[in-house]
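Working notes for the structure below.
The first residue of the sequence shown is numbered 1, and numbering continues consecutively from there.
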Amino acid sequence: HLSKNVNPIPSKPNLLLLLLDPISRAHFTRTMQKTASVLDELNFTKFERYTAVGPNSGPNQAALYSGIPLEKRSELHKDLDGEDKWLWDRLRQAGYITLKGEDSCIENSNMMQSLVPNTTHGKALEGLFCFDDFSRPNCIGPDLASSLLLRYGSQFISTYEHRRKNSNTDLHWASFLHFVDPHEDTMILSTSLYEGLSRFFNEMENMGYFQNTIVILSSDHGLHYGPNFSTRQGRREATEP
(Lines give C-alpha, C1' and ligand atoms only; values in the text may rest on other atoms or scores of the structure.)
Protein backbone atom coordinates (compact mmCIF):
# COMPACT_ATOMS: atom_id res chain seq x y z
CA HIS A 1 0.00 0.00 0.00
CA LEU A 2 1.74 3.14 -1.17
CA SER A 3 0.88 6.77 -0.59
CA LYS A 4 2.41 9.89 -2.14
CA ASN A 5 4.14 12.15 0.36
CA VAL A 6 2.62 15.62 0.07
CA ASN A 7 4.36 18.30 2.16
CA PRO A 8 2.53 20.26 3.26
CA ILE A 9 -0.85 18.57 2.73
CA PRO A 10 -3.47 21.23 1.90
CA SER A 11 -6.59 21.44 4.03
CA LYS A 12 -8.70 20.14 1.15
CA PRO A 13 -6.47 18.07 -1.17
CA ASN A 14 -7.41 16.29 -4.35
CA LEU A 15 -7.42 12.48 -4.17
CA LEU A 16 -6.19 9.91 -6.68
CA LEU A 17 -6.57 6.26 -5.67
CA LEU A 18 -5.50 3.49 -8.04
CA LEU A 19 -6.44 -0.03 -6.96
CA LEU A 20 -4.98 -3.23 -8.42
CA ASP A 21 -7.49 -6.02 -7.87
CA PRO A 22 -5.84 -8.24 -6.65
CA ILE A 23 -2.09 -8.35 -6.18
CA SER A 24 0.16 -9.03 -3.20
CA ARG A 25 3.08 -6.87 -2.19
CA ALA A 26 5.54 -9.62 -3.13
CA HIS A 27 3.90 -10.27 -6.52
CA PHE A 28 3.86 -6.54 -7.27
CA THR A 29 7.62 -6.48 -6.72
CA ARG A 30 8.13 -9.58 -8.87
CA THR A 31 6.06 -8.51 -11.87
CA MET A 32 5.98 -4.69 -11.78
CA GLN A 33 9.55 -3.72 -10.96
CA LYS A 34 9.50 -0.66 -13.24
CA THR A 35 6.45 0.76 -11.50
CA ALA A 36 7.97 0.02 -8.09
CA SER A 37 11.10 1.93 -9.15
CA VAL A 38 9.04 4.93 -10.28
CA LEU A 39 7.25 5.00 -6.92
CA ASP A 40 10.59 4.98 -5.13
CA GLU A 41 11.84 7.83 -7.32
CA LEU A 42 8.71 9.84 -6.52
CA ASN A 43 9.25 9.27 -2.78
CA PHE A 44 6.11 7.26 -2.08
CA THR A 45 5.67 5.86 1.44
CA LYS A 46 5.09 2.13 1.95
CA PHE A 47 2.52 1.00 4.50
CA GLU A 48 4.04 -2.35 5.45
CA ARG A 49 1.30 -3.31 7.93
CA TYR A 50 -1.59 -2.76 5.52
CA THR A 51 -3.43 -6.10 5.43
CA ALA A 52 -6.54 -7.84 4.16
CA VAL A 53 -9.59 -8.16 6.42
CA GLY A 54 -11.46 -10.74 4.30
CA PRO A 55 -10.95 -13.41 1.63
CA ASN A 56 -12.13 -11.43 -1.42
CA SER A 57 -12.78 -7.98 -2.84
CA GLY A 58 -16.06 -7.18 -1.06
CA PRO A 59 -15.01 -6.88 2.58
CA ASN A 60 -11.58 -5.45 1.77
CA GLN A 61 -12.84 -2.72 -0.54
CA ALA A 62 -15.63 -1.93 1.91
CA ALA A 63 -13.06 -1.41 4.66
CA LEU A 64 -10.86 0.70 2.39
CA TYR A 65 -13.69 2.88 1.11
CA SER A 66 -15.81 3.28 4.24
CA GLY A 67 -13.86 2.39 7.39
CA ILE A 68 -17.00 1.07 9.08
CA PRO A 69 -17.67 -2.41 10.57
CA LEU A 70 -18.56 -5.11 8.05
CA GLU A 71 -22.00 -5.74 9.55
CA LYS A 72 -23.07 -2.19 8.59
CA ARG A 73 -21.73 -2.39 5.04
CA SER A 74 -25.02 -3.33 3.36
CA GLU A 75 -26.67 -0.13 4.60
CA LEU A 76 -24.12 2.23 3.07
CA HIS A 77 -25.74 2.61 -0.35
CA LYS A 78 -29.30 2.84 0.99
CA ASP A 79 -29.11 6.01 3.06
CA LEU A 80 -27.11 8.76 1.39
CA ASP A 81 -28.23 11.19 4.10
CA GLY A 82 -26.94 8.99 6.92
CA GLU A 83 -23.68 9.43 8.79
CA ASP A 84 -21.99 6.38 7.24
CA LYS A 85 -21.19 6.81 3.56
CA TRP A 86 -18.83 5.53 0.91
CA LEU A 87 -15.79 7.76 0.52
CA TRP A 88 -16.86 8.96 -2.95
CA ASP A 89 -20.30 9.91 -1.57
CA ARG A 90 -18.67 11.90 1.24
CA LEU A 91 -16.36 13.68 -1.18
CA ARG A 92 -19.09 14.50 -3.68
CA GLN A 93 -21.26 15.85 -0.85
CA ALA A 94 -18.27 17.99 0.17
CA GLY A 95 -18.20 19.55 -3.31
CA TYR A 96 -15.61 17.35 -5.03
CA ILE A 97 -15.85 16.35 -8.70
CA THR A 98 -15.64 12.54 -8.53
CA LEU A 99 -14.73 9.70 -10.90
CA LYS A 100 -14.92 5.95 -10.34
CA GLY A 101 -13.93 3.66 -13.17
CA GLU A 102 -12.73 0.11 -13.76
CA ASP A 103 -11.04 -1.52 -16.75
CA SER A 104 -13.58 -4.34 -16.77
CA CYS A 105 -17.35 -4.59 -16.61
CA ILE A 106 -18.46 -2.15 -13.91
CA GLU A 107 -21.95 -3.65 -13.69
CA ASN A 108 -21.00 -7.06 -12.34
CA SER A 109 -17.27 -7.32 -11.78
CA ASN A 110 -17.52 -7.41 -7.98
CA MET A 111 -19.70 -6.39 -5.06
CA MET A 112 -18.35 -2.85 -4.85
CA GLN A 113 -18.92 -1.93 -8.47
CA SER A 114 -22.42 -3.43 -8.55
CA LEU A 115 -23.47 -0.77 -6.04
CA VAL A 116 -23.31 1.77 -8.90
CA PRO A 117 -21.28 4.45 -7.10
CA ASN A 118 -22.91 7.86 -6.95
CA THR A 119 -20.09 9.77 -8.64
CA THR A 120 -19.86 12.61 -11.16
CA HIS A 121 -18.08 10.51 -13.81
CA GLY A 122 -17.62 6.82 -14.60
CA LYS A 123 -21.02 5.64 -15.78
CA ALA A 124 -20.05 6.12 -19.44
CA LEU A 125 -17.26 3.58 -19.08
CA GLU A 126 -19.76 0.74 -18.52
CA GLY A 127 -20.76 0.70 -22.17
CA LEU A 128 -17.13 0.54 -23.22
CA PHE A 129 -16.13 -2.40 -21.04
CA CYS A 130 -19.39 -4.39 -20.81
CA PHE A 131 -19.95 -6.40 -23.95
CA ASP A 132 -20.52 -10.09 -24.76
CA ASP A 133 -17.15 -10.85 -26.35
CA PHE A 134 -15.08 -9.48 -23.49
CA SER A 135 -12.22 -11.85 -22.68
CA ARG A 136 -8.67 -11.80 -21.38
CA PRO A 137 -6.19 -10.42 -21.94
CA ASN A 138 -8.01 -7.16 -21.30
CA CYS A 139 -7.94 -5.62 -24.77
CA ILE A 140 -10.38 -3.51 -26.74
CA GLY A 141 -9.24 -3.57 -30.35
CA PRO A 142 -5.50 -2.88 -30.41
CA ASP A 143 -5.49 -1.15 -27.00
CA LEU A 144 -5.11 -2.57 -23.53
CA ALA A 145 -8.22 -1.87 -21.48
CA SER A 146 -5.97 -0.49 -18.76
CA SER A 147 -4.50 2.05 -21.18
CA LEU A 148 -7.99 3.34 -22.00
CA LEU A 149 -8.81 3.74 -18.31
CA LEU A 150 -5.50 5.52 -17.67
CA ARG A 151 -6.19 7.83 -20.62
CA TYR A 152 -9.65 8.58 -19.26
CA GLY A 153 -8.17 9.26 -15.83
CA SER A 154 -5.53 11.56 -17.32
CA GLN A 155 -8.18 13.53 -19.20
CA PHE A 156 -10.28 13.82 -16.04
CA ILE A 157 -7.36 15.15 -13.99
CA SER A 158 -6.00 17.52 -16.64
CA THR A 159 -9.46 18.93 -17.40
CA TYR A 160 -10.28 19.79 -13.80
CA GLU A 161 -6.75 20.91 -12.92
CA HIS A 162 -6.91 23.34 -15.84
CA ARG A 163 -10.31 24.58 -14.65
CA ARG A 164 -9.09 24.87 -11.05
CA LYS A 165 -6.04 26.92 -12.00
CA ASN A 166 -7.75 29.19 -14.52
CA SER A 167 -11.30 29.78 -13.39
CA ASN A 168 -12.24 28.05 -10.14
CA THR A 169 -9.57 27.91 -7.43
CA ASP A 170 -12.02 26.22 -5.03
CA LEU A 171 -12.51 23.21 -7.33
CA HIS A 172 -11.33 19.84 -5.99
CA TRP A 173 -11.46 16.39 -7.57
CA ALA A 174 -11.26 12.75 -6.48
CA SER A 175 -10.52 9.88 -8.85
CA PHE A 176 -10.85 6.15 -8.11
CA LEU A 177 -9.37 3.91 -10.84
CA HIS A 178 -9.64 0.12 -10.53
CA PHE A 179 -7.55 -2.32 -12.57
CA VAL A 180 -8.70 -5.94 -12.53
CA ASP A 181 -6.04 -7.27 -14.92
CA PRO A 182 -4.26 -9.32 -12.19
CA HIS A 183 -7.58 -11.09 -11.43
CA GLU A 184 -6.59 -14.38 -13.08
CA ASP A 185 -4.66 -17.51 -12.16
CA THR A 186 -1.65 -17.48 -14.51
CA MET A 187 -0.05 -14.78 -12.33
CA ILE A 188 1.47 -13.01 -15.35
CA LEU A 189 -1.13 -10.56 -16.70
CA SER A 190 -0.21 -7.99 -14.07
CA THR A 191 2.89 -7.40 -16.21
CA SER A 192 0.64 -5.74 -18.79
CA LEU A 193 0.10 -2.84 -16.35
CA TYR A 194 3.60 -1.69 -15.51
CA GLU A 195 4.39 0.32 -18.65
CA GLY A 196 1.14 2.26 -18.56
CA LEU A 197 1.17 2.89 -14.82
CA SER A 198 4.82 3.98 -14.84
CA ARG A 199 4.20 6.43 -17.68
CA PHE A 200 1.02 7.72 -16.02
CA PHE A 201 2.78 8.48 -12.73
CA ASN A 202 5.67 10.24 -14.43
CA GLU A 203 3.40 12.34 -16.67
CA MET A 204 1.14 13.40 -13.81
CA GLU A 205 4.15 14.34 -11.68
CA ASN A 206 5.81 16.27 -14.53
CA MET A 207 2.62 18.23 -15.17
CA GLY A 208 2.50 19.25 -11.50
CA TYR A 209 -0.85 17.56 -10.92
CA PHE A 210 0.35 15.82 -7.75
CA GLN A 211 1.31 19.01 -5.90
CA ASN A 212 -2.06 19.38 -4.16
CA THR A 213 -3.05 15.73 -4.34
CA ILE A 214 -2.91 12.68 -2.11
CA VAL A 215 -1.97 9.77 -4.40
CA ILE A 216 -2.47 6.17 -3.30
CA LEU A 217 -1.63 2.95 -5.12
CA SER A 218 -3.17 -0.02 -3.36
CA SER A 219 -4.63 -3.49 -3.71
CA ASP A 220 -7.55 -5.09 -1.89
CA HIS A 221 -5.98 -8.52 -1.33
CA GLY A 222 -3.37 -10.84 -2.77
CA LEU A 223 -4.12 -13.63 -5.25
CA HIS A 224 -6.43 -16.28 -3.77
CA TYR A 225 -6.06 -18.77 -6.61
CA GLY A 226 -3.35 -19.95 -8.97
CA PRO A 227 -0.64 -22.59 -8.66
CA ASN A 228 1.02 -21.03 -5.60
CA PHE A 229 -2.05 -20.38 -3.44
CA SER A 230 -1.98 -23.83 -1.81
CA THR A 231 1.50 -23.19 -0.45
CA ARG A 232 2.17 -21.51 2.87
CA GLN A 233 3.73 -18.50 1.13
CA GLY A 234 0.77 -18.27 -1.28
CA ARG A 235 -1.75 -18.19 1.57
CA ARG A 236 0.33 -15.55 3.32
CA GLU A 237 0.52 -13.37 0.20
CA ALA A 238 -3.29 -13.51 -0.11
CA THR A 239 -3.50 -11.51 3.12
CA GLU A 240 -0.83 -8.98 2.13
CA PRO A 241 -2.20 -6.61 -0.51
Side-chain angles (χ1 to χ4, degrees), residues 1-3 15-28 32 45-93 98-119 122 125-126 129-130 138 146 149 174-185 187 189-190 193 214-226 228-241:
H1 186 74
L2 306 167
S3 178
L15 172 65
L16 172 62
L17 193 151
L18 302 97
L19 185 134
L20 311 181
D21 179 14
I23 194 169
S24 70
R25 252 164 285 170
H27 196 58
F28 176 81
M32 302 181 68
T45 299
K46 298 181 181 180
F47 291 84
E48 301 289 356
R49 296 181 182 272
Y50 175 63
T51 187
V53 297
N56 51 34
S57 297
N60 290 297
Q61 291 186 21
L64 177 65
Y65 291 133
S66 73
I68 70 166
L70 293 179
E71 59 268 19
K72 298 178 66 176
R73 185 182 65 202
S74 62
E75 302 300 318
L76 279 168
H77 63 291
K78 296 180 181 179
D79 183 11
L80 294 180
D81 295 324
E83 182 179 349
D84 296 323
K85 296 182 179 67
W86 296 116
L87 180 54
W88 41 81
D89 288 329
R90 297 180 192 178
L91 291 171
R92 189 174 184 186
Q93 193 173 54
T98 50
L99 163 66
K100 186 150 193 297
E102 180 177 301
D103 67 347
S104 183
C105 189
I106 292 177
E107 289 181 324
N108 58 16
S109 56
N110 62 47
M111 184 280 297
M112 293 299 297
Q113 295 290 23
S114 66
L115 294 179
V116 189
N118 181 34
T119 52
L125 292 174
E126 288 184 23
F129 292 118
C130 294
N138 287 0
S146 59
L149 181 57
S175 177
F176 302 86
L177 304 179
H178 283 202
F179 301 86
V180 300
D181 308 77
H183 223 300
E184 49 86 38
D185 56 11
M187 301 180 70
L189 286 186
S190 54
L193 290 171
I214 293 176
V215 185
I216 299 170
L217 174 63
S218 180
S219 179
D220 48 2
H221 57 89
L223 288 172
H224 50 196
Y225 39 63
N228 296 334
F229 178 62
S230 60
T231 67
R232 181 178 180 180
Q233 179 62 23
R235 294 194 299 271
R236 176 177 177 176
E237 285 193 27
T239 68
E240 296 180 338

Atom of [X], atom of [Y] and distance for their closest heavy-atom approach:
| X | Y | value |
| --- | --- | --- |
| Ala52 | Ala238 | CB-O, 4.1 Å |
| Thr51 | Thr239 | OG1-O, 2.9 Å |
| Asn60 | Asn56 | ND2-O, 2.7 Å |
| Gln93 | Lys85 | OE1-CE, 3.3 Å |
| Leu223 | Pro182 | CD2-O, 3.4 Å |
| Glu237 | His27 | OE1-N, 4.0 Å |

Does [X] use its side chain to pair, donor to acceptor, with the backbone of [Y] at less than 3.5 Å?
| X | Y | answer |
| --- | --- | --- |
| Ser24 | Glu240 | no |
| Arg92 | Thr98 | no |
| Arg235 | Phe229 | no |

Can you measure from [atom1] ([X]) to [atom2] ([Y]) and round to the nearest 0.5 angstrom?
| X | Y | atom1 | atom2 | result |
| --- | --- | --- | --- | --- |
| Tyr50 | Ser218 | OH | OG | 3.0 Å |
| Ile68 | Trp86 | CD1 | CH2 | 7.0 Å |
| Leu99 | Leu177 | CG | CG | 5.5 Å |
| Ser104 | His183 | OG | NE2 | 9.5 Å |
| Leu17 | Lys100 | CG | NZ | 9.5 Å |
| Ser66 | Asp89 | OG | CG | 11.0 Å |

Does any non-hydrogen side-chain atom of Leu217 lie less than 4.5 Å from one of Phe28? yes
Measuring only between side-chain heavy atoms, which start at C-beta, is Ser146 closer than 4.5 Å to Asp103? yes
Is the ring pair His178/Tyr65 parallel, tilted or perpendicular, if the boundaries are 30 and 60 degrees? parallel
Check the pair Leu15 / Ile216 against side chain to side chain contact (heavy atoms under 4.5 Å, CB included), numbers first and verdict last. CA-CA 8 Å; Leu15 172 65; Ile216 299 170; 4.3 Å; yes
Set out, in order, the CA-CA distance, both residues' side-chain angles and the distance that settles side chain to side chain contact (heavy atoms under 4.5 Å, CB included) for Phe176 and Leu19, then state yes or no. CA-CA 8 Å; Phe176 302 86; Leu19 185 134; over 6 Å; no
Verify side chain to side chain contact (heavy atoms under 4.5 Å, CB included) between His221 and Ile23, making sure each step is shown before the conclusion. CA-CA 6 Å; His221 57 89; Ile23 194 169; over 6 Å; no
Please report the C-alpha distance between Leu20 and Leu18 in whole Å, then the side-chain angles of each, then the deciding distance to 0.1 Å, and finally whether the side chain to side chain contact (heavy atoms under 4.5 Å, CB included) criterion is met. CA-CA 7 Å; Leu20 311 181; Leu18 302 97; 5.7 Å; no
